[in-house]
Amino acid sequence: MVNVKSVDTKKARKVTQPSSSTQAKQATNFFADVKTEFKKITWTSKEELQVYTKIVVGATFLCGMGVYFIDLLIRGGLSMLEGLTRFIFG
């Protein structure tokens, strides 16, 4: 048996779609807000961008070299451990 009140309640809750003129106004307001927000942006100067780029490239290079030297250290330690185990166990 179907509960009539629940069906009526579901119909009452149904959301109506906004009209096309309302959607057009909302889109216009949205783009006007986006334009306003873009005016608030402070862009970096060319000189600042060059300095920041050099810092990032340098830091990346140094981190890469650090990882490389740690890898060499671990690889050397493991090869010494392998040589020691071969010496002990034949």
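- Heavy atoms only, all atoms of each residue included: Thr85 and Glu82 are closest at OG1-O, 2.8 Å.
- Here Asp71 pairs with Arg75 under the side-chain hydrogen bond (donor to acceptor under 3.5 Å, both in side chains) rule; sequence neighbours left out.
- Using a 4.5 Å cut-off between side-chain heavy atoms of Ile, Leu, Val, Met, Phe, Trp and Tyr, Val34 falls into a hydrophobic cluster with Phe30, Phe31, Phe38, Ile41, Trp43.
- The main-chain N or O of Glu47 is never found under 3.5 Å from a side-chain atom of Gln50 such that the two would form a donor-acceptor pair.
- Cluster note: Ile70 groups with Ile74, Leu78 through ILVMFWY side-chain heavy atoms spaced under 4.5 Å, whether in direct contact or through intervening members.
- Taking hydrophobic clusters as Ile, Leu, Val, Met, Phe, Trp and Tyr residues chained together by side-chain heavy-atom distances below 4.5 Å, Leu72 does not share a cluster with Val67.
- Atom NZ of Lys25 is separated from atom OG1 of Thr22 by 6.5 Å, given to the nearest 0.5 angstrom.
- Checked against side-chain hydrogen bond (donor to acceptor under 3.5 Å, both in side chains), Thr36 has no partners two or more places apart in sequence or in another chain.
- Scored by the salt bridge (charged side-chain N to carboxylate O under 4.0 Å, His left out) test, Glu37 finds Lys40 as partners (sequence neighbours excluded).
- By the rule that hydrophobic residues join a cluster once side-chain heavy atoms approach within less than 4.5 Å of another member, Met65 and Leu73 end up as members of separate clusters.
- A side chain to side chain donor-acceptor pair (under 3.5 Å) check over residues 51-65, counting only residues at least two apart or in different chains, returns nothing.
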